[in-house]
Structure formats: structure tokens, C-alpha cells
Amino acid sequence: MNPATSTQQDSGKFGSKPNYLSAMLSITLILFILGIFGFILINTRQLISFYKENLNLIIEISENGTKEEMVSMKSWLTTRDFYKNGSFSMIPKEEAMQMMRKDFGEDFLKLDLPNPFLDIVTFNVKEAYLDKEALGKIKNALKKFPNVQAVYFQDSFLHSLLKNMNKFLLFTFGLTLILLAISITLIFNTLKLALHTHRFIIKNMELVGASWRFISAPFIRRSFFHGIMSGFTALLGLSVIYFWLAGNLPELVRNVPTEKLFILSAIILFAGIFIYVFSTFIVVNRYLKMRVDDLY
């Protein structure tokens with residue numbers, strides 16, 4: 001007799017039918033929460049890259065510098081590997097003076113001071129080159145240009161940013177691991193309760209000579225499909241959250257690569273199948289190892 005058919009026929013004899021729907025809902029909720037934490041991990045890493053690549057490297061041009069020299073510098077920068085495309089900006093000293101006047105208002109105008117500013121060139125550096133050695137080489141190369149007076153980078157801000165973001169990333173990663181451990185325990189216990197009503201059927205099949213592999217097969221197949229259903233349901237919920245964020249808070253999802261979202265989705269789906277199947281296998285084999293007297 002097929003174990004699955006036997007399960008349905010004998011459920012009334014040995015107890016009520018197992019509550020698979022409750023188990024699926026529990027696992028779906030757990031996968032959904034894991035997916036949220038996974039997205040936070042991905043997004044935190046992307047935010048670090050985003051802010052690092054938006055820190056300006058500032059070049060002060062001396063009084064003798066000309067606009068043509070700055071344009072020449074731009075042409076040189078756009079051919080460098082470290083240059084972030086589209087980040088070049090020129091700020092003439094007159095514009096800087098106007099910005100100062102705007103910030104300080106009429107009181108600044110009354111001082112009638114000469115313009116203390118210099119022409120400035122700013123651009124951004126790719127994340128791979130934001131280390132001390134690479135930045136040192138970039139600064140030295142820029143100082144070789146005529147009329148370059150000084151080169152600055154927001155080192156202290158970068159250090160503070162990385163320190164705080166890495167702490168948050170480590171905290172989120174640790175919390176995800178803890179949640180994963182709790183999730184596996186809850187899933188195992190949920191499936192154990194769901195299969196509790198099958199314990200006599202499992203043991204009876206072993207006593208009549210069925211192999212452990214034959215006994216486990218229908219339960220494993222069911223858990224495989226339940227894992228797929230749980231995974232896709234969790235992904236559906238996560239998709240709703242993602243599209244809501246894209247419509248209402250686009251800055252939170254704008255810089256997340258699509259391929260990483262697909263990878264996260266595949267991990268969630270695989271996790272649902274693997275945890276469900278593995279837990280079912282462990283529970284079934286546990287009942288097979290038990291003595292008949294221990295089943296009561």
C-alpha cells in the first residue's frame with residue numbers, strides 16, 4: 001500500500017490529520033523575516049559603496065590656473081581607472097563667493113572682503129581605490145599638474161562612516177544568524193508536531209519490512225512541494241514590500257543590483273526546500289529509531 005494512501009486511511013485510527021497548513025504558514029513567516037534581514041544586509045553593503053563613492057576628492061587651483069587647464073585635467077581624469085564616471089565638477093571662486101554670501105546674508109556683504117576662495121575641481125573615486133595607498137598615488141599624480149595648489153579628501157568622514165556602517169552590518173549579520181538558528185528550531189518542532197499523528201504508521205511500515213528509504217520517500221516528496229510553496233509565498237510577500245518601497249522610498253532600493261535580488265530570492269527558495277526536507281527527514285528517522293512503547 002502506498003504510504004501516502006495509508007496515511008489518509010489511518011489518520012482517524014491514530015489521531016487527527018496533521019496540520020500541514022499551520023507548518024507551512026509558520027515556515028513562510030520565518031522565510032519572510034529572513035528575506036527582510038537578507039535585504040537589509042544587501043542594502044547596507046550597497047549603501048556603504050554608495051556613500052563611499054560620493055565622497056569628493058577636492059583639488060584647489062592656484063590663482064594662475066585657467067579654465068583650459070581644468071578642462072585638460074578633466075580629459076585626463078576620464079581616462080583613469082579610479083575615476084567615477086560623471087562625477088567631475090568645476091566650482092569657480094566667484095561661485096564659491098556667491099554661495100558664502102547666500103549663507104551669511106547681508107552682514108557678509110558689509111565686510112567688503114576680497115574673495116578668499118580659489119577655483120575648485122571635485123570628482124569621486126571608485127570604491128576599489130578608496131584605500132590609503134591608492135589615494136596617496138592619486139593625490140601625487142594630481143599634484144604634478146601645473147597650478148594645482150592642494151588636494152584634499154574627506155578622510156575623517158570616510159573613516160567615521162565605515163566604522164559606523166560596519167558596526168551596523170555586523171549587528172545585522174549576527175541578528176540574522178541568531179534568527180536563522182531560531183527558525184530552524186521552530187521549523188523542526190513544527191514539523192515534528194505535524195508528523196506526530198503519523199508515528200504509528202511509520203513504525204508499522206518498518207515492522208512489516210519496508211525500508212527506511214521507502215518509508216521516508218512520500219514524506220520527503222510532500223515536504224519538497226510544501227517547501228516550494230512556502231518559499232514562493234514568502235517571495236510574494238517580499239515582492240509586495242519591495243515594490244511599495246520602490247514607489248514610496250525609492251532611495252532605499254535604487255542602488256540594489258537586480259542580480260543580488262535574484263540571488264537572495266534563490267537562497268530563500270532553496271532555504272525553504274532544504275530546511276523543510278531536512279527537518280522532515282530527521283523527524284521521520286527519529287520515529288523509525290524509537291521503540292514501539294516510546295511512541296505512546
Side-chain angles (χ1 to χ4, degrees), residues 1-39 176-240 261-296:
M1 181 182 295
N2 186 287
T5 306
S6 176
T7 295
Q8 295 176 355
Q9 292 177 349
D10 296 341
S11 59
K13 184 185 296 184
F14 296 112
S16 60
K17 292 183 178 180
N19 191 354
Y20 287 113
L21 179 60
S22 175
M24 288 177 61
L25 289 175
S26 299
I27 293 173
T28 299
L29 179 60
I30 290 168
L31 292 174
F32 178 77
I33 296 173
L34 285 174
I36 291 177
F37 276 96
F39 179 78
T176 303
L177 290 180
I178 293 172
L179 180 62
L180 182 60
I182 295 173
S183 301
I184 293 174
T185 302
L186 289 175
I187 290 172
F188 179 82
N189 290 330
T190 301
L191 289 174
K192 183 180 176 182
L193 290 173
L195 292 172
H196 183 70
T197 55
H198 287 326
R199 64 194 187 282
F200 291 107
I201 298 172
I202 293 171
K203 199 63 182 177
N204 286 341
M205 292 177 66
E206 183 197 18
L207 293 176
V208 298
S211 66
W212 285 21
R213 181 177 179 181
F214 178 81
I215 298 170
S216 301
F219 297 103
I220 296 298
R221 283 197 297 270
R222 181 190 286 122
S223 65
F224 178 83
F225 289 110
H226 285 181
I228 291 177
M229 293 173 64
S230 297
F232 274 117
T233 305
L235 290 177
L236 180 62
L238 290 170
S239 298
V240 172
L261 292 177
F262 280 117
I263 292 173
L264 178 61
S265 300
I267 290 174
I268 293 172
L269 185 59
F270 175 78
I273 297 172
F274 175 78
I275 296 174
Y276 217 127
V277 170
F278 182 74
S279 299
T280 301
F281 177 80
I282 296 297
V283 171
V284 172
N285 279 269
R286 182 176 181 180
Y287 284 130
L288 287 170
K289 293 177 181 179
M290 295 173 67
R291 297 181 305 170
V292 175
D293 293 340
D294 295 331
L295 297 176
Y296 293 92

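Model, not experiment: these values are computed from the prediction. Note that these values count all heavy atoms, side chains included, but never hydrogens, waters or copies made by symmetry.
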Next item on the list: Search all heavy atoms of Leu264 against all heavy atoms of Phe39 and return the closest pair with its distance.
Entry: CD2-N, 3.7 Å
Notebook entry, point to check: At what distance, to the nearest 0.5 angstrom, does CE of Met24 lie from CZ of Phe225?
Noted result: 12.0 Å
Check: Which residues satisfy the side chain to side chain contact (heavy atoms under 4.5 Å, CB included) test with Leu29, sequence neighbours excluded?
Finding: Ile33
Next item on the list: List the atom of Phe219, the atom of Thr280, and the distance in Å for their closest heavy-atom pair.
Entry: O-CG2, 3.7 Å
Next item on the list: Under the side chain to side chain contact (heavy atoms under 4.5 Å, CB included) rule, collect the residues that match up with Thr28, sequence neighbours excluded.
Entry: Ser230, Thr233, Ala234
Check: Excluding sequence neighbours, so at least two apart, what forms side chain to side chain contact (heavy atoms under 4.5 Å, CB included) with Ile36?
Finding: Phe32, Ile40, Leu238
Check: Atom OG of Ser223 and atom CD1 of Ile275: how far apart are they, to the nearest 0.5 Å?
Finding: 12.0 Å
Item checked: Over all atoms of both residues, closest heavy-atom pair of Ile273 and Phe224 -> CG2-CD1, 3.4 Å
Margin query: Among residues at least two apart in sequence or on other chains, which ones pass ring-ring contact (aromatic ring centres under 6.0 Å, His included) with Phe278?
Written below: Phe274
